[in-house]
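Report on one structure; see the data block that follows.
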Number of protein chains: 2
Amino acid sequence: MGRPRSFDDADVLDAAMHVFRRHGYTGASVARLEEATGLTVGSLYNAFGDKAGLFRAAFAHYVQAFARQRLDHWLGEEATLDDLEAYLLALFDLPLNDGFGCLITNAAVEMRPDETFLTGAVWPALAERTERIDDVLLREVGPDHAREAGARLALMTEGLLLLARARRLNHDHRTAIVAEFSRLRELRDSPQHNRRRHHHPAE
Amino acid sequence: MGRPRSFDDADVLDAAMHVFRRHGYTGASVARLEEATGLTVGSLYNAFGDKAGLFRAAFAHYVQAFARQRLDHWLGEEATLDDLEAYLLALFDLPLNDGFGCLITNAAVEMRPDETFLTGAVWPALAERTERIDDVLLREVGPDHAREAGARLALMTEGLLLLARARRLNHDHRTAIVAEFSRLRELRDSPQHNRRRHHHPAE
DNA sequence: ACAATTCTGGAATATAAATTCTAAAATTGA
DNA sequence: TCAATTTTAGAATTTATATTCCAGAATTGT
């Protein structure tokens, strides 16, 4: 049924998502997207409708194949404070800290006027991140502290990603994260703390 | 020497800065800027050169007449942790929390590709904010803790402003700020803490 | 009062960008 | 092999937007 595509969707979206991450939505010209993806406008429009459609697909790809990947890797069911710390500290090194930031955070700023995209795509992506962090905290420091610690870490995480894009992340910020986690570990390990530790009764 | 301007620069820049804050740089069309400022393109271009020049002026105006104003008000030479807390908590209420965020934070994301503007305008504006916060902390919690606390608050502050633009700021974040400051006060008031309190010997 | 200067309004233009279109190419199923 | 279908390439077009231009208005200094 017709001529088959000469490209792999995932490859194209991967290239596109990096262009959008670097240049932003408006700064990413169709010419640049052609160059980066290796496709011509015709194919791009045939496959994704228009530039906005390509962006939606690239954003969804970033969330699903990149952000969620990292969440699954570091913040799974068994994740500890160490894992959560490692998840955040990775933002300080390559390949993550390449100076272009996180597409979700960037989109939260640039796509703000597009209510539909903001609430329909950005909010869920942000929520996924914070919920995963909250899950770890709930298990590790217990419900008494998880809420406050979660909100604090949410602020710090978005701050990290903002400063990463501004190329203003430095070693002091890293130290602050490390210190934050040594404090969270104290919270976890304090004996008089009536947290409910996470158990797997069936195992 | 020629016809005088029919408008006040500060008024125009005030209107322009709000347009840029809402819509971003590219999203702010010249037509919208005309409407908001009450000037026509001719006058706008005569006064500021081009759209980029108007943006630079509006950004500088935001920093000087708005952001620095707030810093001077809350984070002066005598500012305490209470003042710093109030400075941050104001971000949760109107008129500050109008859902469009901070022009500096927004520009850090959107203007990232413009190296000249990023390093020449955004970096100094960000630095002004963090340095003022650090000054307060240095006096209040002492040099031993100021560095770490400063980095943590820098992250939290940028996180606040990011989430404010995404319309994702909620009461938990507010609680996290309040909790953070009750902890900083403990640090300040802890007797065994060998901080050097701020004195004015000449007074 | 008049020359010089600067500002204003808005139409005209230029520029840059996204989008559409068309002919050719590559495939499948009959 | 041929009809039907989809993709591809890139030129042509459209659209949106910034920018320029110019004639007229408003001022100052001489």
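The sequence lines fix the lettering, A, B, ..., with proteins before strands; numbering per chain opens at 1. The basis for the numbers below is simple: all heavy atoms, side chains too, and nothing from hydrogens, waters or symmetry mates.
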Rounded distance (Å) that lies between atom C1' of D/dT13 and atom OH of A/Tyr45: 13 Å
Interatomic distance, B/Phe48 CZ vs C/dT8 C1' [rounded to whole Å]: 14 Å
Side chain to side chain contact (heavy atoms under 4.5 Å, CB included) evaluation trace for A/Phe92 with A/Ile177: CA-CA 11 Å; A/Phe92 287 89; A/Ile177 297 292; 4.2 Å; yes
Member of B/Glu180, B/Glu140, B/Glu85 meeting the side chain to side chain donor-acceptor pair (under 3.5 Å) criterion with B/Arg185: B/Glu85
DNA chain C: 5'-proximal contact among A/Gly2 and A/Ala52 (nearest heavy atom): A/Ala52
Nucleic acid contacts - residues 14-41 of chain A versus DNA chain C, non-hydrogen atoms under 4.0 Å: A/Ala28, A/Ser29, A/Val30, A/Val41
Rounded distance in Å - CZ (B/Phe7) to P (C/dT6): 15 Å
Over 12 non-hydrogen atoms of neighbours within 6.0 angstrom of CZ in A/Arg147: no
Nearest-neighbour nucleotide for the B/Pro4 side chain, D/dT8, C/dA26, D/dA26 considered: D/dA26
Between B/Thr26 and B/Glu110: side-chain donor-acceptor atoms closer than 3.5 Å: yes
Any donor-acceptor pair under 3.5 Å from A/Arg183 side chain to A/Val178 backbone: no
Side-chain donor/acceptor of A/Arg3 to base of D/dT7, under 3.5 Å: yes
Distance in angstrom units between A/Arg5 CZ and D/dT6 P, rounded: 11 Å
Atom-to-atom span, CG of A/Asn46 to P of D/dT7 - whole angstrom: 5 Å
Any A/Ser6 side-chain N or O less than 4.0 Å from OP1/OP2 of D/dT7: no
Terminal axis angle for the helix from C/dA1-D/dT30 to C/dA30-D/dT1, five pairs an end, nearest 10 degrees: 10°
Sidechain-backbone polar pair: B/Arg139 side chain, B/Ala79 backbone, donor-acceptor under 3.5 Å: yes
Check: B/Phe48 ring centre within less than 6.0 Å of B/Phe55 ring centre: no
Pair B/Phe20 + B/Phe59: ring centers closer than 6.0 Å: no
Integer-rounded Å distance: D/dT17 P and B/Asp50 CG: 17 Å
Qualifying residues under side-chain contact (heavy atoms from CB on, under 4.5 Å), relative to B/Arg168, sequence neighbours excluded: A/Trp123, A/Leu126, B/Leu163, B/Ala166
